[in-house]
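Before any comments, here is the structure.
Just so it is clear, the model here is predicted, and its values are computed rather than measured.
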Amino acid sequence: MSSRLFQKVVKEQEQQQQRHEEEQLQDNESGSPDSGPPSSINPFDLLNDDDDVDDDPDQETEVADEALIRDEDKREQLSAQLKTSDVVSTSNHKSKKKKKKRSKEGSASSTYKVERSLDEVLDTLSLDVSSSSPQPSSTKVKLENTKVCNSIGKQHTPSVLHIDPKYLNVENELRRIFGSKVVKSFERSHQSGSSRQVRGGRRGSHHVRKTILVSPSDLWSRWDGSFSMEFLETKDGYSYFRYVHSPSYSQAQTAFETAQAIHDLNSVANILMLHPYHLDSLITMADYFKFVGEHQTAADAVAKCLYGLECAWHPMFTPLQGNCQLKFSHETNKPLFKTLFTHMINMDRRGCHRSALEVCKLLLSLDSDDPMGALFCIDYFALRAGEYAWLEQFSEEYKSDNSLWLFPNFSYSLSVCRFYLEREETSHDADTDNSKATSTDLMKQALMLHPSVLKKLVAKVPLKDQAFTNILQHSYFRSDETRIPSLDHLIRIYVERSYIIWRLPDLQKLLRDTAQLVNETLEHNKSEAKDWSCVREDAFSSAKNEYDHLLVQDFSDAVSTLPPDNLHNFVVDPRMGEAAQNGNQGNPLDVGQAPPRDVANRNVLAVLFESMLPWANYGDGEGRVADEDNQNIGNGQGN
């Protein structure tokens with residue numbers, strides 16, 4: 001029997017049943033007027049009929065007889081339908097399977113489409129509890145539901161340090177700046193040059209994992225899994241993690257520390273041949289290539305570091321949401337902070353300020369103690385990227401503390417930020433927000449709080465307007481030091497990082513006019529100078545430099561270089577760049593000329609790689625042959 005015939009038989013049975021019930025309803029004069037025709041197969045109609053029966057005993061017997069007759073008729077119809085369904089079950093077995101699969105897929109898709117918010121679910125639960133009989137535990141259930149809702153709301157509030165992954169990729173920003181054609185042509189030329197270097201080797205022998213921090217190269221080695229990340233604890237809504245080294249990585253780290261003790265970069269290169277993702281060795285080579293002038297090679301070494309660090313991430317580690325902590329106090333976590341900071345500076349030098357801003361937010365969110373000083377350059381990246389509204393929001397919401405304006409970088413950057421926001425409001429004919437201070441008021445506050453910044457900016461930018469010379473003659477702007485070690489150090493970092501912003505004529509005009517206004521104010525009321533001096537001393541009360549671990553050169557656009565002759569014993573040392581900038585031509589790590597290396601019984605590729613390094617010393621082959629000849633002659637004469 002086909003499915004169409006089965007459906008036809010079922011319809012005929014339903015029609016016969018409806019006719020039979022209509023005839024019974026016409027004969028039944030004692031039925032309730034409100035009750036309608038019952039459904040074909042609904043056993044709960046008996047309950048409704050019992051409720052509508054009157055108290056007359058004769059009517060009760062008649063209704064009971066009619067109910068029994070209906071029940072028997074329904075049972076006969078159900079048995080007939082079951083028999084017919086058994087007959088056609090074998091023929092429609094395949095069609096039922098298909099229908100089941102479609103129904104399952106439809107139900108799965110419907111569950112994804114129809115999503116109810118958590119608040120609605122909790123409201124329905126509370127209504128169900130209150131609609132039932134009054135119980136003393138109903139109020140407790142409501143309170144628990146509200147607590148859960150509040151806790152979930154706190155966890156899912158958007159953080160001001162939330163990171164957009166599409167801006168982390170440098171190639172995307174380069175395409176927005178220069179166009180996709182220019183970027184593609186550059187990538188082709190770069191790939192063709194790199195492919196000639198590895199001609200003859202196996203290419204594409206392994207699959208490269210896709211990462212969000214960097215775009216890995218197909219020429220990189222396979223991720224060896226030499227280190228991983230472990231979960232520590234969850235505290236105050238943050239998840240804490242740290243990196244863990246494998247035994248092989250620990251051995252490589254011991255070899256690196258030995259090479260670092262004797263300032264031997266050749267041993268560091270040998271470590272990378274055996275362990276291509278040893279982080280400290282890659283950082284050392286990146287610093288070396290930076291000092292030599294090979295900036296692209298140095299950037300590739302840093303990117304390779306980040307690739308290995310991201311491959312080791314824990315499945316629960318979600319740093320883009322701003323709810324993960326990776327404390328700098330753990331020794332194994334320090335390479336991630338160093339490489340992220342270097343990667344951020346490299347992107348800024350390439351003009352990718354928005355990508356640098358996202359990396360800076362990531363760096364600041366990983367450790368609330370800010371060990372790398374990301375807080376003192378995030379305002380610069382926000383201004384260069386044009387994220388003015390975000391910068392204001394960050395200054396108000398970060399750590400729920402409205403004290404960022406006390407730092408010299410934020411006091412001046414917030415004024416610049418408000419200046420550009422006011423310009424956007426006037427261009428779009430939007431209503432100005434009178435609740436916020438104007439750019440002139442913020443600039444006046446910055447100059448009153450940190451007057452020594454003005455003299456440093458005039459010398460660094462430089463500002464050659466005669467008006468600035470007259471302004472600096474005032475006693476309030478005459479000094480460039482505050483005699484507070486921490487504040488003076490932060491001012492030097494700000495001027496070194498953000499001086500280029502003040503080369504714009506509009507900002508120079510804002511600075512000049514506001515400085516003149518400050519001089520006029522101090523002539524009428526000299527007590528304001530003492531008040532702002534007290535504010536500085538209260539904000540930076542420590543007698544020691546609390547930020548001496550932050551080097552000013554790390555925030556500079558200038559790249560310190562040294563000649564190759566002074567790098568034969570180079571191993572990374574942050575103070576080496578300061579020696580170069582101060583004009584010290586001698587090597588501060590010089591421990592004498594390295595002895596000639598023996599090439600006997602060594603790998604040919606290793607010797608070839610070492611021979612490219614300028615400090616490699618294999619001795620003078622001619623002198624060695626001459627010495628051997630003289631030694632043979634002497635032996636012959638002796639005989």
Can you check whether [Y]'s main-chain N or O pairs, donor with acceptor, with [X]'s side chain at less than 3.5 Å?
X	Y	answer
W220	P216	no
H330	L326	no
N333	Y243	yes
T318	Q321	no
E173	H353	yes
S415	S411	no
D370	L375	yes
H489	P485	no
T339	L336	yes
S533	A529	no

Salt-bridge test for [X] and [Y]: reply yes if a basic N is under 4.0 Å from a carboxylate O, no otherwise.
X	Y	answer
D465	R512	yes
D488	R492	no
R423	D506	yes
R418	E425	yes
E310	R209	no
E496	K460	yes

Within the supplied structure, the quantity of interest is the number of heavy atoms (other residues, nucleotides, ligands) at a distance under 6.0 Å from [X] [atom1]; does it exceed 12?
X	atom1	answer
Y238	OH	no
E528	CD	yes
H549	NE2	yes

Hey, could you give me the [atom1]/[atom2] distance between [X] and [Y], rounded to the nearest 0.5 Å?
X	Y	atom1	atom2	value
H450	W532	NE2	CH2	9.0 Å
R478	L454	CZ	CG	13.5 Å
L472	K455	CG	NZ	7.0 Å
C377	I345	SG	CD1	6.0 Å
S365	L363	OG	CG	8.0 Å
T521	Q516	OG1	CD	11.5 Å

Exercise for the section: Hey, can you tell me if Y547 and F376 have their rings parallel, tilted or perpendicular (30° and 60° cut-offs)? Expected result: perpendicular
Exercise for the section: Would you please classify the geometry between the H314 ring and the F241 ring as parallel, tilted or perpendicular, with 30° and 60° separating the classes? Expected result: tilted
For [X] against [Y], the heavy-atom pair lying closest together:
X	Y	value
K290	A298	N-CB, 3.9 Å
L457	Y499	CD2-CA, 4.3 Å
S355	V170	OG-CA, 4.1 Å
K399	S368	NZ-O, 3.1 Å
Y277	K304	CE2-CG, 3.7 Å
C360	A374	SG-O, 3.4 Å

Exercise for the section: Kindly confirm or rule out a cation-pi arrangement of K361 over W390, judged by NZ or CZ under 6.0 Å from the six-membered ring centre and within 45° of its axis? Expected result: yes
Handout entry: Quiz item: cation-pi between R354 and Y167, 6.0 Å / 45°
Key = yes
State, yes or no, whether a side-chain contact exists between [X] and [Y] at a heavy-atom distance under 4.5 Å.
X	Y	value
H162	L320	no
L447	Y476	no
F477	N519	yes
N409	L490	no
F468	L511	yes
V416	W502	yes
L364	L161	yes
L279	K338	no

Practice task
Check the pair F341, F555 against ring pair (Phe, Tyr, Trp, His ring centres under 6.0 Å), reporting the backbone distance first and the verdict last.
Solution key: CA-CA 10 Å; F341 188 86; F555 297 86; 5.6 Å; yes
Handout entry: Distance-only donor-acceptor check, side chains Q296 and D300, under 3.5 Å
Key = yes
Exercise for the section: Would you please indicate yes or no on a ring centroid separation below 6.0 angstrom for F317 and Y240? Expected result: no
Problem - salt bridge (Lys or Arg N to Asp or Glu O under 4.0 Å) between D348 and R384, intermediate numbers included - result: CA-CA 9 Å; D348 177 60; R384 294 300 302 270; 5.2 Å; no
Handout entry: S486 and E546: CA distance, side-chain angles, deciding distance, side-chain hydrogen bond (donor to acceptor under 3.5 Å, both in side chains) verdict
Key = CA-CA 6 Å; S486 298; E546 298 177 350; 4.5 Å; no
Problem - Listed partners of T438 passing side chain to side chain donor-acceptor pair (under 3.5 Å), at least two apart - result: D441
